Amino acid sequence: MTTAMYLTQLSPELCLLAGACLVWLFGVSKHAGVRSLMAPFTLLILVAAMVCTAQFGRPGSAEQPVGLLFTDLAYYVRWATLSVGALLLLVNWRTPADREQGEFFGMILCSMAGVMLTASANDLVVLFFALELVSVPTYVLVALSRTDSRASEAAVKYFFLGAMSAAIMVYGFSFLYGVGGTTVLAGAAGHTLQGYFTDAGAMSNYAIIGLVLAFAGLSFKVAAVPFHAYVSDVYEGAASPVTAFLGFVPKIAGFVAMAKLMSVCNWHLPEPLVWMLWIVAAVTMTVGNVLALLQTNVKRILAYSGVAHSGYMLIGILVGPTWGEGPMHDGVAAVLFYIVVYGVMNLGAFAVLATLSIKGRSVETLDDLAGISRKAPLAALAMAICTFSLMGFPPTAGFMGKVYLFSGALSTGERSLVVLAVIAVINSAIGAAYYLRIVAACYLREPTADHQRTGGIAPRFAIAVAALAMIALFIRPIDLVTQAKHATQSIHTQSSSLAQSPPAPVKTLTAAK
Amino acid sequence: MENSLLTLLVFVPLIGAVVVAVMPKELARVVGLAATIVTFALSLYLIPPFLAGGEASQAVEVFGSAYGEKLHFVERLTWITGGSFTIEYFLGVDGLNMPLLVLTTLVSMLACLASWNFNTWKVTKSIKGYFVLFLLLETGMIGTFVALDFFLFYIFWEVMLLPMYFLIGVWGGARKEYAAIKFFLFTLAGSVLMLVALVAMFFYSGEAVSGEPVASAYRDGVTLTHGTFDLIELATNETIQDYFGSAMFLGARFAPVMFIFLFVGFAVKLPVVPLHTWLPDAHVEAPTPISMILAGVLLKMGGYGFLRMCYPIFPTGGEFWAFLLAVLGVVSILYGALCAMAQTDFKKLVAYSSVSHMGYVLLGIAVMTHTGFQGAMFQMIAHGISSPMCFFLVGVIYDRAHHREINRFGGLWLTMPKYGTMATIGFFASLGLPGLCGFIGEVYVLLGTFEARHTFAWAVPCAILAASGVILTAGYVLWLIQRVYLGPEKPEYAGYPEASGREMAILVPFAAFCLLLGILPKHMLFDYVNGTLEQIVNSVLVATQHATTFAAGL
């Protein structure tokens with residue numbers, strides 16, 4: 001009986017993994033007709049997983065399996081992954097070579113299953129396993145995305161750095177296990193928390209080391225400085241549709257895992273850790289923006305802009321959900337809202353690059369983009385909407401996302417967080433400079449080359465949905481915001497109900513007022 | 001009609017834009033002009049409630065309920081709510097924004113008429129795109145002036161940048177890309193700190209009222225329990241005002257910090273030296289009608305922002321920074337005038353003259369006197385009439401000569417007498433000749449500055465320096481008129497056609513307003529704006545506890 005219950009609760013992930021096996025199986029079929037059905041079949045699997053999520057995914061009072069906890073957070077992340085994932089699938093519709101259809105789409109499904117498991121993981125081992133399930137397929141995707149040597153180079157770089165970061169993270173987890181005496185994150189007797197703290201109420205040094213290492217590994221996933229070095233080469237080397245995938249899937253997993261670790265610590269990190277995250281956030285957004293300013297390749301610009309966006313989202317993680325409800329106060333809700341918006345606008349921009357080509361090679365540099373408003377007015381319009389959204393400019397969802405992120409920091413009144421918000425708004429002004437260059441290339445310059453359209457109808461449909469979603473989420477953000485609010489309430493209450501004797505909160509930062 | 005006039009005003013241009021987009025391109029300019037004319041006609045309906053305002057100007061009540069009650073055409077709807085916050089679609093008109101709205105629709109209409117010869121421009125691509133963006137720009141401008149919810153204001157303020165960026169960037173001159181990006185980045189960089197102020201004001205107002213919910217000052221029956229973006233509430237709710245006056249932000253006093261955050265954003269728009277460098281580039285590269293809008297309307301948003309937000313909400317901040325602001329104002333006046341004098345490009349000269357004229361606006365506001373505020377307001381409207389006229393005058397001659405070198409012109413009055421007459425009116429209005437619109441504003445600002453001598457020791461030197469700006473202005477304007485319009489007729493310009501009927505149709509209304517504002521300043525403007533302005537000034541004076549000093553001084 002209970003096994004059946006566990007299985008129904010896990011059905012979305014199981015659906016994806018079973019689907020991946022089928023895709024692998026039929027993807028090597030001798031018949032080209034069967035192989036060409038893999039993309040629609042993958043979409044079907046995603047829809048099936050959505051149905052399962054809608055049917056069984058709502059968090060209830062049912063008994064939870066060991067190592068997993070199905071909360072509102074998991075529900076939100078499942079929907080986010082599946083719906084943004086469906087768009088990403090449309091963008092990737094024709095990316096793989098004919099013979100590699102099975103591997104490619106199977107990997108996509110596995111990676112998405114990994115994200116969804118990350119959100120429900122309630123055990124360090126499961127969390128690690130889920131994060132690797134996210135990452136490992138992405139190495140393969142990068143390698144499969146193109147036939148030229150740049151993609152292989154990118155895949156190798158990505159793989160080795162990724163493997164190293166996973167090693168660092170799991171080393172950190174081993175410290176947490178050592179001091180906590182258990183790998184369970186929450187929901188058990190609460191011994192995790194007490195193990196992390198000494199009798200005096202301060203966090204034990206081993207726990208701090210463990211958390212630093214774990215955050216280092218997660219920083220690689222979200223491409224935060226100093227673990228950002230791979231992004232430009234990997235993003236440039238991979239085909240644009242896969243790059244769009246890399247911009248969303250590992251990031252949402254990374255941020256959800258960070259939020260989980262923070263909630264284990266009851267959102268009271270010791271001072272050195274807070275300052276470490278503060279510095280990482282400030283440096284990440286600044287470095288990302290400054291490096292993006294220096295690029296002429298649009299994929300590299302967007303890669304570094306992704307670094308900067310991770311910096312903005314780290315603010316939300318630092319703020320946490322403890323200052324109040326709703327995204328104006330709750331940093332994690334703002335992150336959950338922003339990551340979805342970021343995933344969609346980022347995929348819109350990359351998809352535009354993917355659907356245009358010059359003499360058989362895809363559009364990549366600013367010069368390549370010159371004057372596309374004449375040749376492909378709708379693609380240029382979508383590019384402009386997505387770019388202005390990345391810039392955080394109204395009337396787009398990116399603006400709402402930034403307002404939520406920054407206002408969370410300002411609502412605390414803590415001096416360091418307010419300063420961080422000011423650094424962030426200055427950064428978003430710097431960011432405007434390079435985003436504007438993309439728009440200027442599309443609209444203000446004369447075409448220099450002959451653009452062809454490639455990729456078929458599916459990516460173009462995804463572009464249209466992305467652009468319209470950016471406007472729609474500006475006019476009516478409240479539905480997504482409400483869901484994000486519920487999601488964070490679950491990890492907030494989960495951590496506070498758990499701590500029977502919470503250690504004296506280490507109030508680290510001096511109040512501004 | 002009465003209830004949704006402002007919404008109509010905001011969205012008629014938008015509907016026009018949609019119609020332009022779906023109609024064949026031959027009809028683009030007809031539809032565009034029709035939309036701007038309808039908008040102008042609608043904006044005239046804003047005036048009647050202010051006509052009874054003989055007593056409005058006398059009703060000097062202490063800033064408080066009266067400010068809110070004097071709003072007309074109010075519309076409020078909830079736009080985004082999330083438990084602890086509400087963003088409203090809140091529009092309203094008082095004496096501060098009514099004249100600016102009429103100015104916006106007037107300048108837009110005339111600028112649209114100035115775009116009539118689109119097909120003869122250097123860049124003639126996509127006429128539909130041009131008029132769509134033009135009308136979107138008008139929506140953005142009107143929205144910025146009518147929005148009374150700070151969040152809504154900020155959105156209109158930012159959104160307005162987009163059409164302007166494309167209008168300069170696509171249809172501009174040789175360095176259009178540079179100019180467009182510079183314009184965009186300067187304004188955006190200025191407004192990011194405004195975003196911080198926006199959010200901080202929301203939270204601080206929430207802290208102010210969360211202790212003990214107070215009844216709203218002007219909304220009966222509505223109790224404020226959390227922060228607000230409502231600009232009127234922020235300025236009139238005494239609990240919020242007291243808290244803003246005493247709170248701290250990052251170790252400094254809240255009001256001065258927020259004041260300067262807001263100020264930077266508005267100062268870029270005004271523009272204040274040293275944040276003005278985008279303006280000459282944008283003006284020179286923009287096509288003529290866009291320059292007219294830029295000078296006539298967009299620059300006024302800076303001054304409007306000071307009067308709507310900085311001073312009513314953070315009066316103590318205004319007092320704190322008064323010296324700096326006045327100095328920046330004087331520097332803008334003198335530096336702008338000197339730069340204008342040194343220009344050889346006709347359009348750049350007019351652009352720098354705008355910097356100089358807007359310096360008076362800043363000075364008049366900075367000294368915080370009744371007369372100074374009135375002068376600043378009048379200067380904004382006067383400049384909104386005279387500077388688009390001057391830009392159009394430059395455009396007329398540029399269409400014929402295809403260059404703007406002042407020194408190569410000469411004797412144009414002989415060649416084109418009607419045009420020459422209009423040019424004289426326009427440039428003399430810009431100079432500040434008594435009887436024309438430029439005079440009143442400058443004199444009021446100077447008087448207001450002298451008036452402030454009891455509060456600010458530096459007021460008199462500032463007034464003297466600013467007054468010397470008048471001489472510089474006379475210098476460059478007279479020298480310009482002499483070089484371009486006077487002197488013997490030059491053979492290369494001999495065959496130029498006289499100003500056409502369309503061109504006169506644009507110039508004559510401008511010239512008429514130059515005269516009317518100059519001769520009947522009270523009936524044309526002061527009657528409408530004084531009520532609101534006096535309430536704002538009084539509140540500022542009460543808040544800064546200088547009311548008694550002033551009474552003694554006067």
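Residue numbering restarts at 1 for every chain, and letters A, B, ... go by the order of the sequence lines. When reading the values below, keep in mind they use all heavy atoms of this one structure, side chains included, and skip hydrogens, waters and symmetry mates. None of the values given here were measured: they were computed from a predicted structure.
Per-residue counts of heavy-atom pairs under 4.5 Å with chain B were compared for Ala384(A), Pro394(A), Pro477(A), Ala432(A); the largest is that of Pro394(A). With chain A as the partner, the residue from Trp171(B), Phe166(B), Phe261(B) showing the most heavy-atom pairs under 4.5 Å is Phe166(B).
Looking at Tyr404(A), the atoms closer than 4.5 Å to chain B (heavy atoms on both sides) all sit in the side chain, from C-beta outward. When heavy atoms are compared at a cutoff of 4.5 Å, Phe254(B) does not approach chain A at all. Contact of Arg374(A) with chain B is made through the side chain alone, with heavy-atom distances under 4.5 Å. For Leu195(B), the part sitting under 4.5 Å from any heavy atom of chain A is the side chain, from C-beta outward, and nothing else. Looking at Trp79(B), the atoms closer than 4.5 Å to chain A (heavy atoms on both sides) all sit in the side chain, from C-beta outward.
Within the model, atoms OH of Tyr165(B) and CZ of Phe388(A) stand 6.0 Å from one another, a figure rounded to the nearest 0.5 Å. Considering CD1 of Ile155(B) and CE of Met400(A), their distance stands at 5.0 Å, rounded to 0.5 Å. Note that OH of Tyr443(A) is 14.5 Å distant from CD of Glu177(B), once rounded to the nearest 0.5 Å. Between Leu436(A) atom CG and Leu188(B) atom CG the span is 8.5 Å, to the nearest 0.5 Å.
Leu410(A) approaches Ala200(B) most closely through the heavy-atom pair CD1-N, 4.3 Å. Minimum heavy-atom separation, Lys176(B) to Leu444(A): CE-O, 4.1 Å. Nearest heavy atoms, Leu162(B) versus Pro395(A): CD1-CD, 4.2 Å. In terms of heavy-atom proximity, Ala429(A) sits nearest to Leu185(B) at O-CD2, 4.4 Å. Across every non-hydrogen atom of Ser407(A) and Phe203(B), the tightest pair is O-CE1, 3.1 Å.
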> Going through the checks in order, is the ring pair (Phe, Tyr, Trp, His ring centres under 6.0 Å) test met by Tyr435(A) and Phe184(B)?
Replying inline: CA-CA 11 Å; Tyr435(A) 291 125; Phe184(B) 193 100; over 10 Å; no
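In summary, the aromatic rings of Tyr154(B) and Phe399(A) are positioned with their centroids under 6.0 Å apart.
Within 6.0 Å of the NZ atom in Lys125(B), the count of heavy atoms belonging to other residues, nucleotides or ligands exceeds 12.
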